[in-house]
Amino acid sequence: MSPRRVDRTLIAAGLAVIAIGALCLLDQLDVIELRFAYAAPAVLAAFGAVLLTAGLSE
Amino acid sequence: MTEDSPLPPRDDAPMPESRRLERSTSDKYLAGVAGGLGRYFGLDPVLFRVAFGVSVLFGGVGIPVYIALLAFLPTDDGRPSFMDNRSRATSVVALIVLGCLAVTFLRPPSFLLGPGLVALATVAGVGVLLHRAFGGLRGEDPARAVARGTLVLLGLVAALGAATGVGFVAAVGGGVAVAIIAVLAGVGLIAAGVVGGARWLILPVIVLVLPLVVVSAAGIDLRGGVGQRTYAADSTSALKPEYRLGVGDLTLDLRGMTLPPGRTNVKLELGVGSATVRIPAGMCVTTDASIGAGATDLPDRATHGFDLAVAQAAAPREGRPVLHVQADVGVGYLQVDRDDLRSVRQACA
């Protein structure tokens, strides 16, 4: 039986989604006020982190 | 008991027939396109018929796609396609026309996110050109390319439809639930990564998260209904505590109003659309507006962009009547329209 291979890209994507989801949750609960000025760079940074992880994992 | 040894391949054995995308002549309701797609991809043709039906009902993009497949696919009884004997230039022109037709079908109000697809289609077109420039599609079966494009287009429409649905749920009060689901989806991705799951799982999570980010960042609140609402008031007693609309045009006509001394507040809440407050000449008006994405047209000030926060204050003399407009717009346009061109300072002097 071959060992399962951990996919770092999926893990990085999961962490990014948790971070963005947490930001949105805090905004929806009126703890913070999310704005495009913060949300757009956060989303782009998350995409970049996932792409970097995918590239480094190859 | 003897064990049969596998026979070596014979040179004269028939080669397995290569699978071609063709219109079915046996499983068809219209032209056999769905039947052919089902056989080619090993799926129930009903799925393609439902997909075409849904796309026709919601925007109609399935019509040009169906026409394209009808034009470019041969039938499984050996008859060539309509475009088989046409020149390459004719084929390219036909594809461009059908592509333009598809994009045209996607405009509002048939499909809310239609205009956005123009940009996506442009990006996709540039991508295809680059791919071809590097020889990626050279020699590929045109029918297969059309089928692949069809699937991508249908997938794109489905993704945008799902994203619209997620955004709508978040904007009508389900934002907390959608955010919790997003966090759980992130945990699910990590779990999938640990056990070596498929990477395509990222795509549906993107469809879930991006509209949530847009709704949260813009502060879109769609509670309040849809449509065109026009209100008028001629006295403070006729003013409502709040004017709220989810999607549409909201107009508050105060041109017949005489303000009492001091400050009179008017509050507007709009999810997506335009809000207009009409006031008579000479009325002193101050504004405190927040707009996620859009534009404002106020006395002395016109702005546009993201995260707009406009605070127009004045220092009127004691007892001067002042109308104070508080507006919270998610995505859209706010206008305070006065019947003269005086500045805030002049009007409030």
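Proteins come first, then strands; the chains are lettered A, B, ... in the order of their sequence lines, and each starts at number 1.
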Side chain from CB out, backbone as N, CA, C, O: work out which of these in [X] comes under 4.5 Å of a heavy atom of chain A, or both, or neither.
X	answer
B:Ile181	neither
B:Val209	side chain
B:Ala218	both

message = Counting heavy-atom pairs closer than 4.5 Å to chain B, which one of A:Val50, A:Ile20, A:Val17, A:Leu26 comes out on top?
response = A:Val17
key: Partner chain B: residue of A:Ala37, A:Ala40, A:Cys24, A:Ala13 with the largest heavy-atom pair count (under 4.5 Å)   = A:Cys24
message = Taking side chain as everything from C-beta outward and backbone as N, CA, C, O, which of these in A:Leu15 sits under 4.5 Å from a heavy atom of chain B? Side chain, backbone, both or neither.
response = both
key: Leading residue by heavy atom contact count with chain A [cutoff under 4.5 Å; candidates B:Ala192, B:Gly292, B:Ser216]   = B:Ser216
remark   = From the list B:Val205, B:Ile206, B:Leu212, B:Leu184, the residue making the most non-hydrogen contacts under 4.5 Å with chain A is B:Leu212
Using 0.5 Å steps for rounding, measure from the [atom1] atom of [X] to the [atom2] atom of [Y].
X	Y	atom1	atom2	answer
B:Glu269	B:Glu242	CD	CD	5.0 Å
B:Asp337	B:Leu252	CG	CG	12.0 Å
B:Leu222	B:Leu270	CG	CG	9.5 Å
B:Gln326	B:Thr286	CD	OG1	9.0 Å

ask   = Are side-chain heavy atoms of B:Asp328 and B:Asp221 found at a separation under 4.5 Å?
value = no
N/O donor-acceptor pair under 3.5 Å between B:Asp307 side chain and A:Phe36 backbone = yes
